[in-house]
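Following: one structure in structure tokens, then a few remarks.
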There are 2 protein chains.
Amino acid sequence: MKRRTWQRDAVAEALAENTGFVSAQALHGQLRDAGSPIGLATVYRTLAKLAEGGEIDSLQLDGEGLYRACATEKHHHHLICRNCGTTAEVEAEAVEAWAHAVAAQHGFTAPAHVVDVFGLCPDCSRA
Amino acid sequence: MKRRTWQRDAVAEALAENTGFVSAQALHGQLRDAGSPIGLATVYRTLAKLAEGGEIDSLQLDGEGLYRACATEKHHHHLICRNCGTTAEVEAEAVEAWAHAVAAQHGFTAPAHVVDVFGLCPDCSRA
DNA sequence: GGAGTTTTGACAATGGTTATCAGTAGCAAT
DNA sequence: ATTGCTACTGATAACCATTGTCAAAACTCC
């Protein structure tokens, strides 16, 4: 059974304060700096659970997991600044359709896809 | 300057024997089982160099790096069986165009993208 | 053959993530 | 409220893929 704890709320709240994707470690540091005595393991566990439940989005970059509380519940993809992490949510029905078509064409079932666009945001491009 | 060693050849050859993506560790085990005394660190280094030079493709799955010697030199994407690793190469000019357009639309520069489709291949679907 | 520089390999170190396990604290029934 | 059950937490150890280290080996050019 799922229980409600202040730790879970704290993680969700801290995540909401970030506009881009954040690592578990960064989030833990943020919480600690804000005076919360939350444990690192708890942050990892909570993020994993939230992601599993579809409440937050996650992706892997350079071998570390990043998380983000997204605005929409709908399926979408991300345009991410590889320098500062700023993220824009983008929809791409054409890509969804393409992914399904490709899978079907080769007889693959249970299709899933990883589609992310990386780049330098306007601010970071200037620097 | 780049030198030619039997180790580099051995890695490339072992990679060619696999149809799907393989991890550095798996490849090392494969080489060792075949009687090669190659070192693990060397396999990692060689794979990194080959990938850097564009001679092989790489991707990250579950936090571990996977490599594959692809048939074409052209930019392409992959349709991967998440059970057995079997891989099909697929082209998607429409997706390339979409990625560029999305980045440009938001003022992002130096666009790159990660696009992979996962699923169960016909064989694994049956099981 | 020899100099000069890469590359190698065994092993240590790194770093993000997960397992352990005793103590804590939701939640429900009493 | 109190109790009982059990999920959750946190400090720390363990994991494990990967990278760094450095002396020894070996490729290439002269």
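All chains are named by letter (A, B, ...) in the order of the sequence lines, taking the proteins before the strands, and each is independently numbered beginning at 1.
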Any sub-3.5 Å donor-acceptor pair from Arg32(B)'s side-chain atoms to Ile38(B)'s backbone N or O?
yes
Respond yes when some side-chain nitrogen or oxygen of Tyr44(A) is under 4.0 Å from OP1 or OP2 of dT18(C), and no when none is.
no
So, does Thr5(B) get its side chain near the phosphate of dT6(C), meaning an N or O under 4.0 Å from OP1 or OP2?
no
May I ask you to say whether Lys74(A) pairs ionically with Glu96(A), meaning some side-chain N is under 4.0 Å from a carboxylate O?
no
Select one nucleotide: of dG10(D), dG20(D), dT18(D), the one nearest the side-chain heavy atoms of Ala41(B).
dG20(D)
Among dT17(C), dG9(C), dC27(C), which nucleotide sits nearest the side chain of Ala24(A)?
dT17(C)
Applied to residues 7-40 of chain A, the ring pair (Phe, Tyr, Trp, His ring centres under 6.0 Å) test, sequence neighbours excluded, yields Phe21(A)-His78(A)
Any Lys49(A) side-chain nitrogen or oxygen under 4.0 Å from OP1 or OP2 of dC8(D)
yes
Using a 4.0 Å heavy-atom cut-off, does Arg45(B) contact any base of the nucleic acid, only the sugar-phosphate backbone, or nothing at all?
base
Give the nucleotide from the list dG10(D), dT6(D), dT17(C) with an atom nearest to the side chain of Arg3(A).
dT6(D)
Closest of dT8(C), dG16(C), dT18(D) to the Thr42(B) side chain is dT8(C)
Determine: side-chain N/O of Gln7(A) to OP1/OP2 of dG10(D), distance under 4.0 Å, yes or no.
yes
Which value, rounded to the nearest 0.5 Å, describes the distance between Glu55(B) atom CD and Leu15(B) atom CG?
10.5 Å
